Amino acid sequence: MKVRQIYFALISLNLLFTYSLDVSTIVLAINSGGSAYTSSFGFSYSDDIYYTPATNKVSNLAGINIADTVDEFIYQSERWNSETWGYDLPISTDGTYVLILQFAEIIFSAANYRVFTVKIGDYVVANNLDLYATVGYHIAYDIFTTFTLSNNTILISGNTVSGAYSGGNLLVRFYLVVENPKLSGIVLVSGDCSVADYCNMCYQARCLVCNVATLTCTTCITNASIISGVCQCNLGTYWDASSRKCIICDKLCSSCSDKFSCTTCLGANVLVSNVCLRACPYGFGASCASVSSAVIDQNFANYFYGAYGLFQTGTSSSSYYFFNNPEVVDPIPAKNRGLYFSGGSYLQTASTVYISLNFSIGMWVWILSDSGDILTNSSGYKITISSSGSMTIVLESNIESMTTVMTAVLNPSNSAWVYISFIISFSPSTSSTTIAPSLNNSPQTSTTSNGYIYRDAVSNALILGKSSSSNFFGYIYQFTLWNVAVSNFNTQYSDQICGAGAINSCLWTCPLSQWMNEVTPTNCNSCTNGCVRNESCNVCEDPLCSVCTGFLVGLCIQCISNASGTPCACNIGYYWDLTSNKCLSCDYSCKTCTSSTSGDCIVCASAFYMYLGWCISKCPDGFIESGSSCVEKDSFIFYLSFDTLEGVVFDKQSKIPALTGNSTAFYPDYDDFDPIAALYRGFYFNGMNSVMHLPIYPGYNSPALSFGYSFTFSIWVNIENGFGIILSKQDLLYNPIFSLQLSAGVLVVSLNFKSSGLTSFYYLQSVESYEWNHVAFTAEYTSLKRTKMAFYLNGIQDDGHDFGYDYFKDIKTDITFTLGAEKDLFGYKNYFKGFIYDIKGYNSVKSISALALPAVQCTENCKACLTNEVCIPNCLISQYWVGPEYNKCSKCSSECLSCRDSSEFCDLCDNQKCASCYDFTGDSCLECVSGTSNTTNCQCDYDLAWNTSSGMCETCHQWQYKANDSCYDCPPLCTQCDIKNKCKSCINNAVLNSGSCACSPGYIGTTSCTFIPFNVSLVVNKNNTLVLAFSDMLKKGLNHDQIMMQIHNNKILSWSISQISSKEYLISCNFDGGISKGTTITVHFINSTSIVSISGGVIHEDYLSDFLYESLTSEEQEVAQIQNQVSSGVKVFVGSSVALAMFSPNPSALWTMLNTIQFISYIPYASYPLTDKISAFLKSMSDFNLVPNLFLLFIDENQSNPPYYQARKYGYDSLLILVNVGNDITALCCVITAIPIVYFFYKCSQRFIGKKFKKLFREYKFSAFLRFWIVCYLEIGFASIIGVLSTEDYEILENPLRLSNYFICWFFIVMII
């Protein structure tokens, strides 16, 4: 051969070798990177084999579109590598071969991303191949190479190719230039391609004869022509691969790829889904794009139209049932059944409905006859019911040259609603049409006709209900048309009105002469065109509508007489009467109503108000007028609680006044007809004359109590006999309106009803006496305009009473309303005996549990209790409640009608100081008792307090204080306290501290202070050590700081204390010199209250004194001896001198001697340096006064404090002047006293005595006194100065004796000066 290699750019194996490739010549075919595959030409590709090396990569983009091939599968995969790789293809037989390498760029979408070179041995098959640059993206590209194998040598174009064959394999290699070299498939063909009997290297399937040298076709097959050197099928034909012919397209196509797969259409024909149609199907868009939704979806239910969408009724849409001059050919609307077709009536589309070649129809129908055409179309399809009752779908095209008629058969029931549907679908690939029918969404047997297409006429109408040959009897509820073949009819079968698949049970299945009364077919009383109710042939849903556009509510366009509005309603003042089917006039009180009575008003007329369906001129108590209605504000209209002490009791809800007796007088000045007030138990009616009045009575005409049609009455009573009127309401003629009474122990309620008059009903169980009982009854006026009564005793209901179509008619004027009795022409009668605790009234029906609780819910064992679970105290009127048990009572004083305690005062006021009050509480006083003021609390006057025993305001005792208007005892130990309960003074042996009294130290007690025995004694031992002996052990030991030592005429240089037993302490002293006889020592207790016994006693001695034993030094003994001797001598000498002076008429010598001795004795007071013996001698000379010291009879010299040291040294042992110079003062006092005695004797009537004393009195009248004063003044003056100076060492105010001594000393100093 001259030509052994050919390149076919942009043209694949599939396009050029279709005709000339002989499958039997295929040596091998490999799907590189893919799996085994059978080509569209019948030969098989193996999966990938013979590649080298084994590390090659594989890519597979399954599903992508590859152009210029019918075997896209081969080009969707590839084998590649980033280095040199290839195939070793086994060839063993010498001969000529064609190697076809198949490529497609499936990765890179731009040039220069993949470039590689292909070689067979050294022969370059393709140099720097860039697939994208060569053919583009996702486009098949094949390279054909012809070679010859001869004696293990490869020849191409007659030239030997080195490195191309080895080991029985053809070596094909791919070399990297840019990115990864690849391959999609290999086909190895044995021999040259041939057509007929000669070699044809052109490989054109439509070429009959070609020039091999120029590779051009010279002759084409039938219906094909050479275009650009290649044979192509003529316009209006298509290549048929199976017959290898160019076949003429469909008659409406100008070009096609198959018989009915048009690409362009002739003339005005329209391309729809690759098929040419005469017009765009109905419902398609402007570009004739198909739509999946229904193009006609018409429901014929419940409306009266002349046009249902595209369909018009009969011959004209302006005439139709029911109200627009219907024609006999118009279908009749039937409620819940769509349209009724009577065998001549029909619907047809007013405009052309062009049907597509693929379309679907669904219909809800109820078939009433065994024959007739339901749906027809002038082009040739219809739904026909055959004589056997089966349904045939006929499809024929009388405008096509084909004469085939297609049918499909259904067998619906003619006694129920069915959903019939069918799908007509055309398949261009098989040129076949299929009818797929369904019944109630269940597929039936389908019919297919090959080579058949249905195409509609351009001007065509759809007709429902008849054809030129047969008419339909039955109902059509729904019609749906799709201009596509739908996949299913689920949505249409699941009707919105009835639910999925339930339309056959939802729609009525009764003939036109009946209507469904709920689930029961009911005859239409002689209504030719059907009905929707028994009463009339009016087909409007609203019976007040005379003209409407459908069966549904809201479709009325004209109302009957005396009615208007939307929806229709009887005009104001009219109501709908079912009997006459007319709007009749209402009662005058009604604006709108349901009957001619005022009890059936819907809206009231002006000045009337709606109350429980009645129009009344005034709303009941507890209701307010709001617009034209009585609106409940608070149905609790009456609460009469007998917790007051006033003659007029106002109820707590409506302020209705209840009068006690026949006047406003009440406690404590009851009138003859008053009930008796009882604390915690309301009012007591004595069964003889106790009565109360509610308005109307003199002075109070309003507000009056009245009840509505529905009410609740509640009362707590404690009866003492089985007869009497508890409550009575009468008219002015004393006819009963409403009463509650006892008859032989049974409760009876009587009510005056509007129609039936006075009616009584009983609670058949007896009421227990002397127990609290809760009685209640309710009247309920129901929405059915019936009154139902219920009677309750202690929460237990009787059987109830139904008074039928009647109601309680109460009145508010011209009435008599009493409690405890009823009235007649002669006065009162049928008195009630017992207690009434409270009465409540509601203008509504209340739950009994909101009014009282049964026994099981009470805290105690009473018959019933209040809603707080507390029982009402159960005591007789002659008793008062003690509690806490509800029935624990005590007897009142016999003087009391009732009481609150055992007091004989019979007070009911909370405050005993209140003479009168308006209720039982503490802040209700009207007048206070005598001695009090301020009725807010009736306080006793300022200086008085309340005495509960006497019932008077009195003065508190000294040991009491006033608080809260009462006298209270002061705290224990107090003798007087203030209003704040603070002590001001204490009992004996108690001390006051911060307003509180406590027993003094050493005393104990809470109401009195008892002395705790505890004392101490001082014992002086012969060695002059001291022992303090206590009567009880000390709580704490005695220490040095608690005592002070004092000695007379000496000094204590130091001392110590030690405990020698549990109760005794030893004090050892170091004295300054000896102890003279009669020397006392004193132990002072610095704070005696700090010395406490273990029993709490304290010593009460401030000090203890005793004499020390004499203990003088030798020198002191000599001085003492001198003093004794001199003192004795002086006393003898002075005594003798006094005796001699008595015989001398002038005793001046005696006075001179005494003064001389006295001055000598004062020498030691000077600061001369005298020895102790001389000082003692001189001081002893002053001891010449023989007069005794009378003041020592009254003064204990041991209780006085010693003077300062120098005075003690001189011999003064005390700072008290009456102790130190008491004998001088005594003598002076004696002289002064003697003067009046001498004067008395001087004046004596006995001349001898008078004469004797006259001279004595004359001579010694003044001289005796002066002489004694001269002798004494120095001694008294020294003693006074010692007393004043010594007092400076002590607190004189602490001791009255020292204070008196201080002033006496100053008196004598002033006298001397």
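Bear in mind that the values here come from a model prediction, so they are computed numbers and not experimental data. The figures here come from the full heavy-atom set of this structure, side chains too, leaving out hydrogens, waters and symmetry mates.
- In this structure, the side chains of Gln102 and Thr69 stay at 4.5 Å or more apart for every pair of heavy atoms.
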- Message: Set out, in order, the CA-CA distance, both residues' side-chain angles and the distance that settles ring-ring contact (aromatic ring centres under 6.0 Å, His included) for Tyr97 and Phe147, then state yes or no.
- Response: CA-CA 5 Å; Tyr97 296 87; Phe147 66 90; 5.6 Å; yes
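- Of all heavy-atom pairs between Cys276 and Leu271, the closest is SG-CD1, 4.0 Å.
- As summarised for Cys265 and Cys253, their two SG atoms remain at a distance no smaller than 2.5 angstrom, missing the threshold.
- Contact annotation: the side chain of Tyr113 never approaches that of Ile107 to less than 4.5 Å [non-hydrogen atoms, C-beta and beyond].
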- Message: side chain to side chain contact (heavy atoms under 4.5 Å, CB included), that's the test. Do Leu149 and Thr93 meet it? Break it down for me.
- Response: CA-CA 7 Å; Leu149 174 62; Thr93 303; over 6 Å; no
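- For the atom pair OG of Ser44 and CD1 of Ile26, the computed distance is 10.5 Å after rounding to the nearest 0.5 Å.
- Considering only residues two or more places apart in sequence or on other chains, Asp122 meets the side-chain contact (heavy atoms from CB on, under 4.5 Å) condition with Ser162.
- The only member of Ile186, Val125, Leu99 that meets side-chain contact (heavy atoms from CB on, under 4.5 Å) when paired with Val172 is Leu99.
- Pro437 approaches Ser446 most closely through the heavy-atom pair CD-CA, 3.8 Å.
- The OG atom of Ser487 sits 10.0 Å away from atom CH2 of Trp482, with the distance rounded to the nearest 0.5 Å.
- Residues forming a side chain to side chain donor-acceptor pair (under 3.5 Å) with Ser254 (at least two apart in sequence, or on another chain): Thr264.
- A 4.5 Å side-chain heavy-atom check between Val291 and Phe284 finds at least one atom pair inside the cut-off.
- Qualifying ring pair (Phe, Tyr, Trp, His ring centres under 6.0 Å) partners for Tyr137, counting only residues two or more places apart in sequence or in other chains: none.
- A pairwise comparison of heavy atoms in Thr146 and Ile156 identifies O-CG2, 4.0 Å as the closest pair.
- Residues Tyr175 and Pro181 fail the side-chain proximity criterion, which asks for heavy atoms closer than 4.5 Å.
- One distance of note links CG of Asn483 with CD1 of Ile355; it measures 5.0 Å at 0.5 Å rounding.
- Residues Asn223 and Ile247 have side chains not in contact (no heavy-atom distance under 4.5 Å, counting atoms from C-beta outward).
- In this structure, the side-chain contact (heavy atoms from CB on, under 4.5 Å) partners of Asn450, at least two apart in sequence or on a different chain, are Ser432, Thr448.
- Using a 4.5 Å heavy-atom cutoff, the side chains of Phe489 and Phe422 are not in contact.
- In this structure, CD in Gln76 is found 6.0 Å from CD1 in Ile66, a value given to the nearest 0.5 Å.
- Applying the salt bridge (Lys or Arg N to Asp or Glu O under 4.0 Å) criterion to Asp48, with sequence neighbours excluded, gives Arg79.
- With Ser32 as the fixed residue, the side chain to side chain donor-acceptor pair (under 3.5 Å) test singles out one of Tyr51, Trp80, Tyr87: Tyr87.
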- Could you walk me through whether Thr445 and Thr447 pass the side chain to side chain contact (heavy atoms under 4.5 Å, CB included) test, one step at a time? CA-CA 7 Å; Thr445 303; Thr447 300; 5.7 Å; no
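- The side chain to side chain donor-acceptor pair (under 3.5 Å) test applied to Ser356 returns no partner, not counting sequence neighbours.
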- Task: Dump the intermediate steps for side chain to side chain contact (heavy atoms under 4.5 Å, CB included) on Tyr75 and Asp142, then the final yes or no.
- Result: CA-CA 10 Å; Tyr75 297 89; Asp142 299 344; 2.8 Å; yes
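- Smallest separation of non-hydrogen atoms from Gln232 and Ile227: CB-CD1, 3.8 Å.
- Residues forming a ring pair (Phe, Tyr, Trp, His ring centres under 6.0 Å) with Phe174 (at least two apart in sequence, or on another chain): Trp85.
- Looking at residues two or more places apart in sequence or on another chain, you find no side chain to side chain donor-acceptor pair (under 3.5 Å) involving Asn60.
- Note that the CG atom of Asp297 and the OG1 atom of Thr480 stand 4.0 Å from one another [nearest 0.5 Å].
- For the salt bridge (Lys or Arg N to Asp or Glu O under 4.0 Å) test, residues two or more places apart in sequence or in another chain that qualify with Glu78 are Arg114, Lys182.
- Annotation: side chain of Leu481 is in contact with side chain of Ile361 (closest heavy-atom distance under 4.5 Å).
- In this structure, Ile120 and Thr145 approach most closely via the heavy-atom pair CD1-CG2, 4.2 Å.
- Note that CG of Asp456 and OH of Tyr354 are 6.0 Å apart. Values are rounded to the nearest 0.5 Å.
- Ring geometry for Phe103 against Tyr141 counts as tilted: the plane angle lies between 30° and 60°, on a 0 to 90° scale.
- Applying the salt bridge (charged side-chain N to carboxylate O under 4.0 Å, His left out) test to pairs two or more places apart or on separate chains, those with a residue in residues 82-103 are Asp88-Arg173.
- Judged as a side-chain contact (heavy atoms from CB on, under 4.5 Å), and not counting sequence neighbours, the contacts of Ser257 are Ser261.
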- For Thr153 and Thr160, run side-chain hydrogen bond (donor to acceptor under 3.5 Å, both in side chains): C-alpha distance rounded to whole Å, both residues' side-chain angles, the deciding distance at 0.1 Å, then the answer. CA-CA 7 Å; Thr153 300; Thr160 299; 6.0 Å; no
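- Atom CZ of Phe108 sits in a crowded spot, with more than 12 heavy atoms from other residues, nucleotides or ligands closer than 6.0 Å.
- A disulfide is not assigned to Cys262 and Cys249, since their SG atoms are no nearer than 2.5 Å.
- Side-chain atoms of Ser360 come within 3.5 Å of backbone N or O of Val484 as a donor-acceptor pair.
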- Task: Begin with the C-alpha distance, continue with both residues' side-chain angles, and end with the deciding distance and a verdict on side chain to side chain contact (heavy atoms under 4.5 Å, CB included) for Thr117 and Val124.
- Result: CA-CA 7 Å; Thr117 296; Val124 177; 4.2 Å; yes
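- Taking a 6.0 Å sphere around CD1 of Ile248, one finds it holds 12 or fewer heavy atoms contributed by other residues, nucleotides or ligands.
- Taking Phe73 as the reference, Tyr37 meet the ring pair (Phe, Tyr, Trp, His ring centres under 6.0 Å) condition, with sequence neighbours excluded.
- Donor-acceptor pairing under 3.5 Å is lacking for the side chains of Asn180 and Ser82.
- The closest side-chain heavy-atom distance from Thr134 to Glu105 is not below 4.5 Å.
- A pairwise comparison of heavy atoms in Ser77 and Asn31 identifies OG-OD1, 3.2 Å as the closest pair.
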